[in-house]
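Data first, discussion second: the structure below is written as C-alpha cells.
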Amino acid sequence: MAPPFSHGDFVAALHRCATLAHLKQLHAHAVVTTRAAAQTTTFHLIRFASLRLTCLPYARRLFDATASPNVFLYSAMLSAYAASSSSSHATQEHARDSLALFLRMLRRGRPGPNQFVYPLVLRAACAVGVQLVRSIHCRSCKDGFYDGHDVVRTSLLDGYSRYGMMGDARKLFDGLTKRNVVSWTALVSGYARAGKAGDAIVLFERMPQRDVPAWNAIIAGCTQNGLFVEAVGIFKRMVDEGFRPNSTTVSCLLSACGHLGVLKIGKVIHGYAWRSSVGFGSSVVNGLIDMYGKCGNLMEAQWIFDEYSDKGLTTWNSLINCLALHGRSESAIAVFNEMRNEGVQPDVVTFVGLLNACTHGGFVDEGMKYFELMCGEHEIEPQIEHYGCVVDLLCRAGQFQDAMNFINDMKIKPDEVIWGSLLNACRIHRHLELGEHAIRKLLDLNPNNANYVVMLANLYSEGGFWEEVRKVRNLMKEDVIGKKLPGCSWIEVNRKTHRFYSGDDGHPESEDIYNTLDELATSMEMQDIFA
DNA sequence: ATAGGGTTAG
C-alpha cells in the first residue's frame with residue numbers, strides 16, 4: 001500500500017524530476033494512489049512534462065487520457081504547443097494542433113474557452129492567417145471575453161499588427177481599460193513591422209515605463225527598417241539607463257553592425273556576450289557569423305561556424321551568404337552540399353545565397369541547375385529575390401536573350417531590381433536597345449527616381465551617343481526629377497573608418513585607390529580573355 | 001495559468 005501523499009508532496013516531488021523517467025514514476029505513483037483521477041494532478045504533470053522536460057508527446061498523451069478535460073487542462077496543453085514552437089515548421093504544426101483543440105472546445109461546448117484560452121489560441125491563429133484572428137476576435141466578443149479583458153485585447157492587437165493592420169491594432173490599443181508595458185510594446189513592434197519606424201520611435205519615447213523587451217522591440221524595429229545607426233544609439237541609451245541586454249538585444253545589434261560594417265562595435269558586442277550571462281545560443285552565434293562575414297573577417301566567421309555544434313538552418317545560411325559575399329563561390333556550393341548531406345532542408349534564404357555565389361563565380365549552368373532544384377525537388381516557390389539572382393546571373397554572363405526570355409516567363413511582376421540588373425549589364429556590355437527598354441520599365445515603376453536618368457545618361461555616354469546624352473542632361477536640369485544622392489560606401493581599416501562617395505577623390509590615398517581599381521579591372525578583363 | 005522583443009536576403 002502506497003503511503004499517504006498530499007497534493008503538496010506531489011508538486012514538490014514533481015519539481016525534483018530531472019528526466020521523463022522520474023516523471024513517469026511519479027505518474028505511476030499517482031495512478032496507484034488514485035491521485036491520477038484528479039485533474040489538478042494531470043494539470044501539473046502536463047505543464048512539467050511540456051515546459052520543463054520539453055516532452056510534448058507525453059504531455060499530449062496525458063491530456064488524451066483524460067475523459068472530460070477541464071479548462072485548465074486545455075490551457076496547459078495550449079501553452080505546451082505555444083512553448084515548443086521553435087522552428088517555423090513546428091510552429092505551423094503546433095498552431096494547427098492548438099486550433100484543433102480550440103475547435104473541439106467549441107464543438108463540445110464544455111468547457112467553454114475563457115480569458116486564458118483566448119490569448120493562447122490567438123498566438124496559434126497568428127501563425128496561420130489573419131482571417132482566423134478575425135474569426136476568433138468575433139468569437140471572443142460573443143463570449144464576452146473582449147471588453148474589459150485587456151490581455152485578450154493585447155493578443156488581438158498583436159495579431160492584427162503582425163499583418164500590418166495598424167488601424168485595427170490602434171483601435172484595440174485605444175480601447176484598453178489600462179495600458180501597460182506589454183500593450184505599448186506590442187503597438188511599437190506593430191508600427192515597426194509595418195515599416196513605420198518613425199511612428200514606432202515616437203511611441204517608444206512616449207512609453208511611461210520600459211523594460212528589456214520594450215528596448216528590444218525598438219532596436220529590432222530600427223534594424224528591420226534599415227536604421228542601423230539609430231539601433232546602435234538606442235542600444236547605448238539602454239545600457240546607460242541600466243538595462244541588461246539579453247540574447248535578443250545582442251542578435252539585433254550584431255545584425256546592425258554587420259550592415260554598417262562596424263567591426264569595432266561588433267567585437268564589443270561579442271565581448272559582452274562572452275562576459276555577461278547572454279551566452280552563445282543559436283541566434284547570437286548566427287548573428288556573429290553574419291557580422292564577421294559582412295565586416296570582412298571571413299576567417300573568424302568560418303571559425304565560429306566550425307566550433308558551433310548545434311548548427312541550424314540559419315547557421316548554414318549565414319555561412320553560405322558570407323562565402324558568396326566574399327566571392328568564394330566554390331566554397332559556398334561545397335557548404336550547401338554539406339548542409340544537404342547533414343539532412344538540413346534548405347529554404348528560400350539558402351537559395352538566395354547559393355544563387356549569388358553562382359553569379360559571382362560566373363557559374364551560369366550551375367546557377368540554373370540550382371534554380372531548377374529549388375523549384376522542383378525542394379518545391380520552393382521562387383520569390384522576387386530568386387528571379388533577381390537568375391537575371392543577374394544571365395546578364396553578367398552576357399546572355400541577354402535568355403535573360404529576357406526568363407523575365408517574360410516570370411510568374412510575378414518584375415520589380416525595379418530585376419530591370420536594374422538588366423540595365424546594369426546592358427551598360428557594361430553596351431547593349432543600348434535593351435538598356436533603353438529596361439530604363440523605360442524602371443521609370444514606369446518609379447518615375448521620380450533620378451538615379452535611373454543618370455544611368456540612362458551613362459548608358460549613352462559609354463556607347464558614345466553624345467546627342468542622346470545631351471538630351472538626358474537637359475531633362476535633368478528641368479528639375480522635374482529630384483536631386484540624385486551620390487552613392488556612398490565605407491570600410492573600417494585599422495580602427496579608422498574611411499568613407500567614399502561615388503566619383504569622390506577626396507581621400508588622401510585617392511590616387512593609389514583608383515590605380516589599384518584600374519589594376520583589378522585589368523586583371524579581371526585578362527582573366528575573362530584567357531578563361 | 002493568459003499578452004509584448006529575435007538573427008540570415010539581390
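In what follows, every heavy atom counts, from backbone to side chain, and hydrogens, waters and symmetry copies are set aside. Numbers restart at 1 for each chain; the letters A, B, ... are given by sequence-line order, proteins then strands.
With hydrogens and angles left out, the side chain of A:Asn180 and the base of B:dG4 share no donor-acceptor pair within 3.5 Å.
With A:Tyr292 as the fixed residue, the side-chain hydrogen bond (donor to acceptor under 3.5 Å, both in side chains) test singles out one of A:Glu300, A:His270, A:Lys267, A:Gln302: A:His270. When each of A:Val232, A:Leu253, A:Leu227, A:Thr248 is checked for a side-chain contact (heavy atoms from CB on, under 4.5 Å) with A:Ile219, only A:Leu253 meets the rule.
If you check every strand for non-hydrogen atoms under 4.0 Å, A:Val285 touches nothing. A:Ser255 comes within contact range of the sugar-phosphate backbone alone, with a heavy-atom separation under 4.0 Å but no base atom that close. Within 4.0 Å (heavy atoms only), A:Ser189 reaches sugar-phosphate atoms of the nucleic acid but no base atom. At the heavy-atom level, A:Val212 lies under 4.0 Å from base atoms of the strands shown. If you check every strand for non-hydrogen atoms under 4.0 Å, A:Arg162 touches sugar and phosphate atoms only.
Of the candidate nucleotides B:dT8, B:dG10, B:dA3, B:dG10 has the atom lying nearest to any side-chain atom of A:Asp415. Among the nucleotides B:dG10, B:dT7, B:dA3, the one closest to the side chain of A:Arg123 is B:dA3. When distances run from any side-chain atom of A:Asn356 to the nucleotides B:dG10, B:dA3, B:dA9, the shortest one goes to B:dG10. Closest to the A:Thr185 side chain, of the nucleotides B:dA3, B:dG4, B:dT7, is B:dG4. The side chain of A:Arg47 lies closest to B:dA1, out of B:dA1, B:dA3, B:dT8. Among B:dG10, B:dT2, B:dT7, the nucleotide with an atom closest to any side-chain atom of A:Cys389 is B:dG10.
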*Report the C-alpha separation of A:Thr350 and A:Asp347 in whole Å, then their side-chain angles, then the decisive distance to 0.1 Å, and conclude whether the side chain to side chain donor-acceptor pair (under 3.5 Å) test is met.*
CA-CA 5 Å; A:Thr350 320; A:Asp347 73 345; 2.9 Å; yes

_Set out, in order, the CA-CA distance, both residues' side-chain angles and the distance that settles ring-ring contact (aromatic ring centres under 6.0 Å, His included) for A:Phe63 and A:Tyr74, then state yes or no._
CA-CA 8 Å; A:Phe63 179 84; A:Tyr74 274 99; 5.2 Å; yes

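Distance check: A:Leu156 CG to A:Leu122 CG gives 5.0 Å after rounding to the nearest 0.5 Å.
Between the side-chain ring of A:Phe72 and the base of B:dA1, a stacking contact exists by the 5.5 Å and 30° definition.
The CE atom of A:Met291 sits 13 Å away from the C1' atom of B:dT7 (whole-angstrom rounding). Protein atom NE2 of A:His259 is 13 Å distant from nucleotide atom C1' of B:dG10, rounded to whole Å.
We find that A:Arg193 and A:Asp158 are joined by a salt bridge, their nearest charged nitrogen and carboxylate oxygen being less than 4.0 Å apart.
Taking a 4.0 Å limit (strictly below) on heavy-atom distances, residues 300-312 of chain A does not reach DNA chain B anywhere.
Both tests hold for A:Arg210 against A:Phe204: distance to the six-membered ring centre under 6.0 Å, angle to the ring axis within 45°.
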